[in-house]
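The analysis underlying the following values was restricted to heavy atoms, covering all of them including side chains, and did not include hydrogens, waters or symmetry mates.
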Amino acid sequence: MARETALPGTFVVSTGRCGSTMLSNMLRLNPDILSLSEFLAMLLPDPLPPGDLDAAAYWRVLTQPRPFFTHAYRLGIRVPEFLYLPGAESRFTPADGIPPILITTLPHLSDDPEGLYDEVGAFVADLPSATAAAQHRRLFEWLCARAGARAWVERSGSSLLYLSQLTSAFPDARFVHLYRDGRECAYSMSRNAGYRLGAIAMMLHARLGVSPYLNDDKPPEHVPPDLRPFMPGTFDHEAFERFEVPVAQLGQLWSDMVTPALDILDSLPPERVLQLSYEDLIAEPEQALRRLARFADLPHRDPGWPDRAASLVQSRPPRWPALPEDQKSDLTRVCEPAMRRLYGGVRCRGRLCGWRAALATVLSAVHGQVYVRRDAGAYYWNMPDYDLLAKFYDRLMSDSALRSEQVMRCIERYNPTAASLLELGCGTGAVLHGISVVGSLSGMDISPIMLDLARARLPGAEFIQGDISSFDLRRRFDVIVCTYDVLNHLPEFNRWISCFACASKHLTEGGLFIFDINTVGHLSKVASERPQVRQFDGNTAIIAVSTEGRSVYTWDVRIFEHAVNNQYRLYHSQFRELAVEIRQILEAMPSGFELLDLADSAGGTPDDESERAFFVYRRRSS
């Protein structure tokens, strides 16, 4: 009979192809942990059927062969996760179908999986009726008792697909979200026989209305010639090997699993969720396992376990960068929204999710952030937010001519002989393009795509990729400008101060420093309003602003680009602005600066409730 004392239970959830099988093998080396590998995945399409299940019904859930796995075995498609390999002496054969629990879970636990299968059958036969979740827990805890384990961890690939069911059915369980660079996951999926057969199954269902791999429905009598090589009765292994799933399609699948799952995990109490990256697991396996053990209350009586488990790590460089450029571009685009949430520092419950500062090199600047890390031969990158919007930037910021005129009026009034100008956060060069009173123009921005557009617009100007709060160009300019509330995009005020110091260092004596900001009051106002909807060139932009606290505001920009017919391509970007009081800015300016002008949008004296504040400083003579 099932033990009724609840043991610590943990689910490792993931998209698949992210190192979760390796993690199961690592956990298996700890004798105090029952490592359940692919238990739920092999029970698909419904690992948690509704209603109560008596012993016989539950046994059918565990043992009734599933069409997809049956066909994979019969066709001889080698799926690495299938540990049960029927031979001459095996009780179960591909012709009859393999019980789901025997495909991976029991061989992972025992060198005699068929013997353990019989023991499970005897145990299940005595179970009273209960929900599927309750029956699963009873089985897990019986297996723990049999093995002398003190906790269980279930790990299945693609388990994010039924995460909502899991969190409801197991309200006291903890969840470890194991994730990896989505582009590498998608690449790995495209090379995995199981995922490729799954893609064929979905293609057949879309074309024929039924798929023999997904259910037992009889296929139509007439199958188009191009599909016959993929039907079970006429399966062509060479055609299967040639079959390619667009890697961007798999990247979209990955992103579609990750994004809603993060919303679900973020709705749970923090003590029930651990975010663990594959990159951390590879780079520092012992520390990652100890962190997981502490989080999940897993036994850790064997001090040598993390070291033994670390020996299973086999790192290799990512493979997706070897794709053709167009495929890499499409793949990065579809993975970017979820990648930003995992690696890009998006805040969840006041904490940074998805990346650890100790393992990352952060190159941050005005237009978003780039996170780069190199360890274990890997290279991971998250696109700057403004790179995504570069092609639409000028239409969204349509008042660049007004900014150019404001800058030129200041130059003509306060430094009419100025010969050189540097714009910080120049974007696509729209403001620089409108400045005609200075001969030598330079621009700096963090976004390489923005700078490419700026170079095309102003081939005679100089453009530099860099961080506006930390740069040393070893020369001086007569004017430095920083418009379009670029300063607000620096996430900490000490970086504003650093920017002011850099400007002072790079100005000639009597040189001008001109900048503007979104005020505290304006940011608060737009955050309280409904999202803006803008139409341009057949495209639609939706811009929403929310607050993360008293002084930090998140701009959420979604652009639906019209493609063909009624189809649209979504570009989703987020960036933050820091609200700073005017008084604090005035007090923070270096002593070498003299304030010449401070105005609001209408030319009056600004306060913190104005829409914008426009500053003009002069660098004093030494």
Side-chain angles (χ1 to χ4, degrees), residues 6-41 108-109 140 143-144 147 149-157 159-160 163 166-167 170 172-181 185 258 261-262 264-266 268-315 342-343 348-349 351-360 373 375-376 378:
L7 293 178
T10 302
F11 291 98
V12 175
V13 293
S14 73
T15 61
R17 312 311 301 166
C18 60
S20 63
T21 298
M22 179 184 69
L23 181 56
S24 282
N25 292 331
M26 293 171 127
L27 295 171
R28 184 172 180 258
L29 296 180
N30 187 333
D32 288 325
I33 299 173
L34 179 74
S35 174
L36 296 159
S37 184
E38 305 286 8
F39 176 85
L40 294 171
H108 181 72
L109 294 176
F140 296 171
L143 288 168
C144 280
R150 296 169 175 263
W152 55 264
V153 179
E154 198 282 335
R155 190 281 318 168
S156 288
S159 48
L160 293 186
L163 178 61
L166 279 180
T167 56
F170 294 87
D172 59 342
R174 299 178 188 182
F175 295 87
V176 176
H177 178 212
L178 182 66
Y179 61 90
R180 186 181 190 179
D181 186 317
C185 287
V258 168
L262 290 177
I264 294 170
L265 292 172
D266 196 41
L268 299 178
E271 62 271 14
R272 291 186 63 195
V273 180
L274 173 68
Q275 299 280 356
L276 177 63
S277 75
Y278 168 84
E279 294 79 37
D280 286 359
L281 184 60
I282 290 293
E284 296 183 332
E286 299 95 334
Q287 291 88 332
L289 290 174
R290 291 189 179 98
R291 179 182 169 212
L292 190 159
R294 288 193 301 271
F295 160 76
D297 196 23
L298 298 179
H300 194 183
R301 298 184 299 172
D302 180 358
W305 163 59
D307 291 333
R308 293 197 306 275
S311 68
L312 299 180
V313 171
Q314 294 181 342
S315 63
L342 290 172
Y343 293 94
C348 303
R349 298 182 179 274
R351 66 186 187 279
L352 285 177
C353 297
W355 60 276
R356 296 170 61 191
L359 296 175
R373 58 171 285 173
D375 56 64

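- Here the closest heavy-atom approach between residue T10 and residue A296 is recorded as OG1-CB, 3.2 Å.
- Proximity of a side-chain donor or acceptor of E154 to a complementary backbone N or O of F39 within less than 3.5 Å is detected.
- Looking at S24 and H108, their side chains never bring a donor and an acceptor atom within 3.5 Å of each other.
- Of all heavy-atom pairs spanning I33 and A149, the tightest one is C-CB, 4.0 Å.
- Between L40 and S159 there is no side-chain heavy-atom pair separated by less than 4.5 Å.
- Of the N and O atoms on the side chains of Q275 and S277, not one donor lies less than 3.5 Å from an acceptor on the other residue.
- Taking 4.5 Å as the limit, every side-chain heavy atom of V153 sits out of range of all side-chain heavy atoms of L36.
- The shortest distance between side-chain heavy atoms of E271 and R174 does not fall below 4.5 Å.
- Two residues are said to be in side-chain contact when any heavy atoms from C-beta on lie closer than 4.5 Å; V258 and T15 meet this criterion.
- When F11, F295, F170 are each tested for a ring-ring contact (aromatic ring centres under 6.0 Å, His included) with F175, only one passes: F11.
- Between R180 and C185, the shortest heavy-atom distance links the atoms CB-SG, 3.6 Å.
- Counted by atom type alone, S20 and R155 present one or more donor-acceptor pairs between their side chains at under 3.5 Å.
- The main-chain N or O of A173 is found under 3.5 Å from a side-chain atom of R272 such that the two form a donor-acceptor pair.
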